[in-house]
Amino acid sequence: MLNFKFTYLFLLVSVLTYGQKIDSLSKTTVLKEVIVESKKIDEVGNSFELSQKQIQNIPSFIGERDFIKTLTLLPGIKTDNESSSNIFIRGGNYDQNLFLIDNIPVFGGNHLTGLISPFNPEMIESVEILKNGFPAEYGGRLSSILSIRQRINLDSSQYIAGMGILMGKVYVNKVLKPQKIAIMVAARRSFYDLFYSSNNNEGSMPTLNFLDANVKATYQYDKNNQLNLILFISKDAIYNPEIDTSYKFSNHIKGLFTSFSIGLNWLKTYKKHSLEFVIYNSQLNTKYENFTTNYSEIQKTYFGNGISEIGLKGIDNFKLLGLQTKIGFSFLNYQFVPASFKIYEFGSNQAFSLEYAKIYAQILSLFYSAQYIFKDKTLIDFGARVNNSNFKSNYHLSFEPRLNVKHELTKNSNIRFSFTQMNQFLHLLINPGTGINLDTWVPSSKNFPNEKSQQINLGYDVELFKNRYLFTIDTYYKNFKNIIYYIDGYDQNSVYSEEFVRNGFESIIDKGIGSARGLEVLFQKKKGRLNGWISYDLSWVKYEFPQVNSGQSFFPRFDRRHNISIVSSLYLGNFWTFNTSWVYQTGQPFPIPNYLFGVPNFNYDKGSFDISETNNPQIGINQGTRDSYRTQEFHRLNISFIKEIQRKRVNISWEFGLYNVYNRKNPYVYFYKNVNGKFQVVSYSILPILPSISYRISF
Amino acid sequence: MIKKICLVLFGCTIALFLSSCSDNGLVIENFIEPKIPNKIITISYLCPDLDQQQIYVSLASKIGDSVKIGNIANGAKVYIRDLSKPDSFLVNRQTNPCVFVFSQNEFPLKLGATYRITIKYNQDVIYGETTIPSKRANFNEVSLTNYGKIKYFNLNSVYEAHLFLSWNNIDSTNKFTYLYSYLYSGGVRNDVIPFYSDSYTENNFKCFTDEIIPIFNPGPITINLTLLTCDHNIKKFNVAIDNYKYSSSGFSLLDQFTGVYPEYSNVKNGAGVITSYLIHKETYTTNVKL
């Protein structure tokens with residue numbers, strides 16, 4: 001309840017955000033071409049790329065740009081509930097997405113319990129997303145690769161600052177030595193804690209704060225050598241105090257969620273080779289503290305979990321026998337702490353401490369891929385990846401063939417085919433309910449081996465009317481093996497339980513299979529006064545686990561049958577632009593009891609029922625199946641007007657936005673509520689019509 | 001001109017913002033239309049050690065209805081039959097519209113026998129079976145040890161003792177389960193610890209439990225112990241019901257972190273449980289010295 005209240009009010013407060021940015025360009029007002037550019041991850045045409053400009057031209061989420069929310073407007077990419085920044089791609093859960101920042105993997109996490117993704121739009125040059133046809137150099141996740149390229153300029157410095165009630169922002173691109181050394185820093189911090197006091201009584205809202213920072217330093221030693229240092233940090237803190245002074249009782253909950261990545265990237269080119277080496281460490285950590293005081297005594301509880309990944313990757317790109325060839329390796333070392341506890345009971349200085357033993361796992365992967373072009377019409381990209389994973393001296397060898405074929409039908413049209421097999425060596429325990437998630441990563445093991453998927457994709461694309469329009473259609477089938485799920489009766493509360501720590505995570509999860517199939521259509525207008533796209537996808541996702549849903553297959557909660565998005569940006573003239581986005585999604589499956597009944601107390605000594613307490617009995621429930629109902633369908637229209645004014649060296653832009661224009665009450669979460677003795681299912685909507693305004697000045 | 005347009009839009013934006021600050025954004029919406037008509041519920045705990053047996057029969061509630069005890073199934077007929085015999089016995093005495101009663105004189109229950117209870121209501125027929133344990137477990141060890149001083153919240157210091165109970169498993173195939181309770185008095189407070197505490201099985205033959213109980217005053221203590229030998233359906237059903245406990249504020253089953261709980265019933269076409277148990281009672285006396 002508190003979370004809902006908080007989220008709602010927080011969003012309203014954030015609308016007051018008055019973003020003012022000052023761009024100070026030392027020489028020019030336009031960014032020059034980015035010199036340090038990661039390679040494109042896909043050369044067969046399976047990917048979709050979003051530029052900084054496209055992200056800017058989609059109506060913002062109450063004044064805040066978020067590329068994750070932009071991605072959900074593309075076919076095959078779904079979100080969980082409104083405003084969630086977890087995305088589900090082609091039937092895969094959100095742990096199956098590999099996020100890369102300049103080729104460094106990151107455990108993304110999110111801000112404000114999912115409302116905002118941790119990726120600062122200011123640092124993004126472009127984002128490329130791949131849902132199928134994964135090149136052999138990528139592995140470790142089943143469903144997608146999202147590659148973010150950060151913008152850095154070796155020619156000229158640039159400074160951007162923004163301040164608002166929601167957050168403060170800074171973007172600094174400092175050239176230390178022209179054409180040689182530059183450093184980029186982009187950071188955001190929320191200021192909610194400065195405006196809201198946290199010493200509140202019961203029923204008050206908790207405080208949430210976040211911070212994220214991206215740093216990229218580039219050293220261009222010579223034209224053949226480049227070194228990049230990449231740093232990413234995202235922190236979220238929640239503080240929820242409850243103080244009852246009359247009973248001298250208080251309860252303080254603090255939570256801290258941290259995602260951290262640091263990496264070094266070395267690009268080396270020879271006459272016929274180009275080499276890339278990456279070394280990095282990525283971490284995700286959660287810490288909870290709960291202090292309960294009763295008069296002068298205090299009970300302290302600490303809970304934490306985390307994952308750390310250290311990786312070393314190398315790629316050699318060269319031509320061999322007329323084939324563009326890539327060979328390489330990656331070595332990953334994981335450390336997991338699924339759960340740890342420390343409890344100081346009332347009046348005791350001695351801690352009850354229980355820590356799940358640290359788990360270590362290693363994965364060595366080798367890959368090979370080559371491209372062959374046949375008669376200038378057909379591109380064949382083939383390869384394979386071999387992985388050897390080690391968990392507690394249990395070695396497991398896996399093989400992943402990859403094939404991509406593109407054939408040019410006419411000058412403007414192609415057909416594409418791809419087959420990929422993927423392995424995922426990590427499992428994420430994900431809340432099966434409808435609300436907020438607490439990520440707990442666990443490794444593959446003998447009983448819960450690598451998650452696997454195979455995907456076949458057949459696509460067609462054609463450019464029309466002098467390449468102003470692009471039409472693509474894709475159909476796919478994907479299967480999953482060894483995916484995991486909480487056994488019926490267990491959920492994220494179980495992670496906090498002693499049982500979880502004592503018996504291990506394997507006692508509360510089950511492994512199963514799944515499948516996804518679908519049809520995706522994208523019609524894009526790329527040029528002209530009006531541009532944008534219309535996307536539609538039709539999809540089915542099914543999961544099956546022996547100990548879930550009585551062993552029957554079911555539609556998981558991110559199975560949405562129809563998804564439609566319409567995105568447009570219309571130049572009205574006189575430097576006015578009108579942007580819209582409309583989205584429709586079928587409701588999510590979720591369980592509702594078929595019926596309920598009161599259970600009378602029974603006296604075993606007398607053999608009699610007590611039916612005197614009729615109003616608040618224990619309740620028996622016939623749960624029905626996991627997908628017995630669907631939530632209401634989701635649809636929403638966002639619009640914005642952007643006015644740009646150019647005066648001499650000063651550029652001003654205004655954005656007037658309206659989120660959820662027709663005030664659709666899309667459900668955010670469902671729960672049961674006992675209303676005057678009646679057991680009802682109710683929903684909360686937290687995002688009504690919300691206007692926003694932002695102002696930007698650069699000079 | 002541009003400045004004016006911007007100012008007008010700014011004003012409209014602020015006005016819209018203020019209007020959106022009302023409670024309309026936070027919606028509680030009744031949403032579900034029930035799909036399935038009412039189901040018949042029966043709960044029955046048969047015990048040959050007691051003279052009187054009760055069978056609870058009621059109707060389930062739909063989502064959106066009040067959930068209460070005593071949702072009467074008017075005109076329901078209740079039958080019980082020993083599966084080794086052809087004839088059923090019609091249970092036609094009622095102490096309450098929902099509680100059907102019979103005595104051992106009317107229909108005697110035997111150890112090791114399997115009984116089927118059938119309920120007919122309108123066109124619906126539901127039934128379930130239970131096998132009464134063939135023998136009852138007895139305590140083979142009872143002890144009260146390991147005193148220590150502890151402090152509960154801001155109360156005065158009290159002493160705690162470990163109550164250890166063990167008994168033999170009467171059947172290693174886990175067809176039966178055990179429930180126990182203890183009531184102690186004499187120098188300590190009167191308290192009843194309810195059933196449903198878990199017992200642990202050291203091996204297939206020996207079961208034990210280790211409870212911590214507070215002791216307020218030293219001296220002689222009498223502990224009245226009860227051990228039930230039960231058809232395993234008792235535990236399965238009650239564990240499932242315990243999972244469904246909900247608070248009056250709601251937020252239990254579809255809460256942010258909550259998953260889906262499995263239900264348990266051995267009643268065909270209906271819900272509830274038909275089960276049985278045997279009772280063993282024992283008194284344990286000791287002198288607590290601090």
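Chain identifiers are assigned alphabetically (A, B, ...) following the order of the sequence lines, protein sequences preceding nucleic acid strands; residue numbering begins at 1 within each chain. Everything numeric in this text was worked out from a predicted model, so none of it was measured.
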Next item on the list: Give the minimum heavy-atom separation between A/Y595 and B/G270, together with the two atoms involved.
Entry: OH-O, 3.9 Å
Margin query: Quick one, A/F597 with B/L59, criterion side chain to side chain contact (heavy atoms under 4.5 Å, CB included). Give me CA distance, side-chain angles, the key distance, then yes/no.
Written below: CA-CA 7 Å; A/F597 55 94; B/L59 294 176; over 6 Å; no
Notebook entry, point to check: Heavy-atom distance under 4.5 Å to chain A: side chain of B/I41, backbone, both or neither?
Noted result: side chain
Next item on the list: Determine the option with the most heavy-atom pairs under 4.5 angstrom with chain A, choosing from B/C47, B/A271, B/S265.
Entry: B/A271
Check: So A/F602 and B/Y45, would you call those rings parallel, tilted or perpendicular, with 30° and 60° as cut-offs?
Finding: parallel
Notebook entry, point to check: To the nearest 0.5 Å, how far apart are CG in B/L228 and CG in A/D605?
Noted result: 7.5 Å
Note to self: When you compare the side chain of B/F237 with that of A/V599, does any pair of heavy atoms fall below 4.5 Å?
What the structure shows: yes
Next item on the list: Mind checking the CD1-CD spacing from A/I611 to B/Q54? Nearest 0.5 Å is all I need.
Entry: 8.5 Å
Check: So do the side chains of A/P600 and B/Y56 get within less than 4.5 Å of each other, counting heavy atoms only?
Finding: yes
Item checked: 4.5 Å side-chain heavy-atom contact, B/I279 and A/Y604 -> no
Item checked: Nearest atoms (heavy-atom pairs only) where B/L50 meets A/K606 -> CD1-C, 3.7 Å
